[in-house]
There are 4 protein chains.
Amino acid sequence: MARPLSTEAREKILSTAGEILLDTGVSGFTVDEVVRRSGVAKTTIYRHFDTSAQLIVHALDSIVAPFPTPNTGSLRGDLGAYCEITSQITCDARLRLLMLELLAAAAQNPELAKTKRAMFAERMGPVRTIIQLAMARGEISADVDADFATELAEAPFLAHLMIHGLDAPTEAQLDKMIEFVVAGLTGMGSDAAPAPAH
Amino acid sequence: MARPLSTEAREKILSTAGEILLDTGVSGFTVDEVVRRSGVAKTTIYRHFDTSAQLIVHALDSIVAPFPTPNTGSLRGDLGAYCEITSQITCDARLRLLMLELLAAAAQNPELAKTKRAMFAERMGPVRTIIQLAMARGEISADVDADFATELAEAPFLAHLMIHGLDAPTEAQLDKMIEFVVAGLTGMGSDAAPAPAH
Amino acid sequence: MARPLSTEAREKILSTAGEILLDTGVSGFTVDEVVRRSGVAKTTIYRHFDTSAQLIVHALDSIVAPFPTPNTGSLRGDLGAYCEITSQITCDARLRLLMLELLAAAAQNPELAKTKRAMFAERMGPVRTIIQLAMARGEISADVDADFATELAEAPFLAHLMIHGLDAPTEAQLDKMIEFVVAGLTGMGSDAAPAPAH
Amino acid sequence: MARPLSTEAREKILSTAGEILLDTGVSGFTVDEVVRRSGVAKTTIYRHFDTSAQLIVHALDSIVAPFPTPNTGSLRGDLGAYCEITSQITCDARLRLLMLELLAAAAQNPELAKTKRAMFAERMGPVRTIIQLAMARGEISADVDADFATELAEAPFLAHLMIHGLDAPTEAQLDKMIEFVVAGLTGMGSDAAPAPAH
DNA sequence: TGTTAAGCGAGACGGTACGTCGCGTCTTAAT
DNA sequence: ATTAAGACGCGACGTACCGTCTCGCTTAACA
């Protein structure tokens with residue numbers, strides 16, 4: 001006798017929400033605006049999503065896509081390849097903005113925190129594999145914690161986002177970052193001076 | 001000839017605003033709340049600050065304080081010392097939140113962007129000096145750009161903020177980060193190096 | 001299809017507004033005070049009434065009530081009877097004030113002008129009938145314009161309102177006014193000069 | 001030892017206030033607007049006039065001018081002449097508005113009430129003389145109270161103001177009003193009932 | 001002929017009301 | 001029972017005017 005929540009409505013809501021998020025960022029996001037643009041009733045939106053934050057979460061979730069993991073045979077090669085793979089995402093000013101806003105919002109909202117974690121996991125999974133491969137190859141000391149190393153590997157790219165905001169790094173800067181990361185990771189753990197990068 | 005804007009009111013506004021920012025973050029900041037807590041009239045607030053954003057800017061500005069620059073004779077020592085100096089700031093969850101929110105807001109508001117830049121400048125100035133000392137000592141290659149190296153040196157700490165939000169890094173993690181940074185910076189620039197990555 | 005404007009809210013708004021109008025007059029009328037007294041949200045008030053003036057209009061409209069038309073067989077008798085019928089209204093200081101304020105406001109606001117006209121129509125309709133009956137009886141010349149005569153018949157009462165403000169006329173004064181009106185109206189139109197007064 | 005309030009400032013204030021009153025009426029009158037237009041400081045205004053109402057009062061007072069009293073030898077002639085004398089004032093829509101607003105305001109503010117009374121006195125003084133002359137001539141019964149008769153004589157003109165607002169009466173209407181007043185006043189007081197009109 | 005207290009312009013101050021926007025909840029009719 | 005539509009209470013927004021206050025500067029009356 002009942003009637004299920006229509007997927008049609010849900011999708012219209014999510015795509016409109018995503019659109020708005022890209023247009024105006026989280027700060028400009030408004031349930032009323034979703035209503036206006038999508039023609040879906042506010043009641044319906046709140047029936048599908050308890051909270052406007054949850055709607056944002058789901059809209060963001062549908063934006064995230066998994067990345068393939070490169071395997072070039074060297075840490076440096078893999079990191080360079082991965083940079084190129086993700087560059088479409090990491091250089092889009094709108095996505096950079098969303099990421100920054102998400103970071104701030106996640107610090108106050110547990111649901112968004114979960115989404116943030118998922119996004120990082122998606123993005124950092126391949127990096128972790130890259131690290132583990134490098135450890136298997138001996139490029140990185142086995143003493144190093146893989147998860148922590150993954151964070152370190154991402155650090156320069158994330159820091160650039162924080163410091164320079166919407167302006168993506170240049171090719172040259174990316175190269176330097178990779179050089180730094182490779183030097184840093186290969187130089188860690190072994191008390192002896194950094195092993196020659198082979 | 002006219003009556004000057006009262007410094008008393010201004011200070012009451014700013015201190016109250018700062019208080020609220022620490023309590024609730026930028027997202028919970030409200031001019032009306034400033035009115036309630038400070039007893040200053042809304043009109044007066046808008047007489048002093050054109051925009052609520054400007055008020056936030058000035059409130060944040062008055063929170064920033066300069067840090068001393070350590071000089072222990074080694075890159076590793078200096079970074080460690082600086083970490084300890086700044087740890088009061090960098091470990092306060094409220095300030096971590098403010099920083100994250102500021103990053104997001106700065107991406108959309110030029111005035112806040114200026115404040116953000118000032119904050120980074122304050123924080124990163126000593127690091128830059130540390131880097132330059134290390135370059136003078138020969139620990140870091142003279143080929144490396146000092147500004148860029150400064151950003152790289154901060155990267156792990158900033159990245160931790162992004163990834164872990166309000167949870168500050170542990171002592172052990174800080175040690176590892178410093179180790180990573182030292183290895184990374186000292187390993188850069190020497191041409192004896194990595195095979196071309198692309 | 002949508003939810004209709006609730007009559008409950010509308011009535012609460014209107015009765016509260018009327019109450020305030022009687023308490024403080026138009027000049028002391030405030031939407032915020034309606035909010036406070038009625039518990040209805042300001043947004044809701046503005047949903048029902050575009051303008052505070054419109055709200056006043058409707059509140060006043062709901063105060064107006066039609067008067068019965070007397071028929072005693074003589075102009076003098078009818079006017080006297082009508083005076084007594086309307087005395088509750090015309091002697092209430094609060095309503096006298098409202099009327100004065102309405103007159104001033106109507107001169108500047110077309111909507112209030114409409115309400116003013118309606119109020120006068122309500123009040124003067126029976127007088128017009130009284131005049132027409134007198135004309136049919138031959139008490140008043142058929143040459144006289146009934147509408148204009150109606151205005152003349154009301155003139156002393158209205159003038160008293162203007163000159164004496166909130167102080168209503170005494171019984172004796174009302175009698176004299178009626179005497180004046182009867183003499184004036186019956187003496188008009190017939191070219192034969194008024195009978196010598198002594 | 002002190003310095004007297006400057007008449008220059010006072011006059012600038014009053015003339016500007018009068019200007020504004022004619023432009024926008026009492027309801028649009030604002031002390032801040034006087035400041036803007038006159039260049040006189042708000043402090044100075046409040047030094048000269050305790051209250052914005054008092055300022056309005058004095059501005060209106062300086063608008064009022066005495067009228068000459070006609071003497072044509074007959075009540076009808078005098079009233080007609082007086083009508084013409086005052087028509088410049090009584091037909092100016094801006095002054096009609098001011099009068100209506102003054103009536104409303106006077107009902108709530110004792111100071112404005114005083115001004116209103118003064119205005120009526122100025123305007124009705126000559127009418128009273130006209131009435132007294134007519135009583136001396138025997139046109140009006142000596143039994144009638146002169147003050148009350150004066151009010152009755154003005155009634156149609158005042159009533160027209162109330163009913164028709166800013167639209168002044170036409171010549172023809174004025175004639176009829178005078179006819180009505182003459183008939184009314186001459187028909188009063190003689191116990192001999194008014195002669196049947198047919 | 002100074003001195004000096006007041007007047008003066010300018011405009012900041014604490015208030016109150018304005019009319020608007022977004023929130024998340026609710027009610028209604030129609031499918 | 002879900003939907004579109006939109007009314008509801010709430011609270012923040014930024015503005016206008018109120019009448020009071022604090023500023024320096026200027027000026028007229030007194031010594």
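Since this is a predicted model, take the numbers as computed values, not measurements. Throughout, protein chains are lettered first and strands after them, A, B, ... in sequence-line order, and every chain is numbered starting at 1.
- For the segment residues 24-47 of chain B, the set of residues with a heavy atom within less than 4.0 Å of an atom of DNA chain F comprises B/Thr30, B/Val31, B/Asp32, B/Arg36, B/Lys42, B/Thr43, B/Tyr46, in numerical order.
- At E/dC13, one or more side-chain N or O atoms of B/Ser6 fall inside 4.0 Å of OP1 or OP2 (strictly under the cut-off).
- When the nearest nucleotides of DNA chain F are assigned to A/Lys12 and D/Asp50 by heavy-atom distance, the more 5′-ward of the two goes with A/Lys12.
- Rounded to whole Å, the distance from CD on A/Gln54 to P on E/dG24 is 12 Å.
- With sequence neighbours excluded, the residues that form a side-chain hydrogen bond (donor to acceptor under 3.5 Å, both in side chains) with D/Arg36 are D/Glu33.
- Within the structure, side-chain hydrogen bond (donor to acceptor under 3.5 Å, both in side chains) pairs that include any residue of residues 16-26 of chain B comprise B/Glu19-B/Arg37, B/Asp23-B/Arg37 (at least two apart or interchain).
- Close to E/dC18, at under 4.0 Å from its OP1 or OP2, lies no side-chain N or O of C/Ser52.
- In this structure D/Thr43 satisfies the side-chain hydrogen bond (donor to acceptor under 3.5 Å, both in side chains) test with no other residue, sequence neighbours excluded.
- What separates CD1 of B/Ile20 from P of F/dA12 is a distance of 11 Å, to the nearest Å.
- Residue B/His48 places at least one side-chain N or O closer than 4.0 Å to OP1 or OP2 of E/dC13.
- Taken to the nearest 0.5 Å, the CG atom of C/Asn109 stands 8.5 Å off from the OG atom of C/Ser52.
- Judged as a ring-ring contact (aromatic ring centres under 6.0 Å, His included), and not counting sequence neighbours, C/His48 has no contacts.
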Donor-acceptor contacts under 3.5 Å from residues 111-118 of chain C side chains, at least two apart:
| from | atom 1 | to | atom 2 | distance (Å) |
| --- | --- | --- | --- | --- |
| C/Glu111 | OE1 | C/Gln54 | NE2 | 2.8 |
| C/Lys116 | NZ | D/Met162 | O | 3.2 |
| C/Lys116 | NZ | D/Ile163 | O | 3.0 |

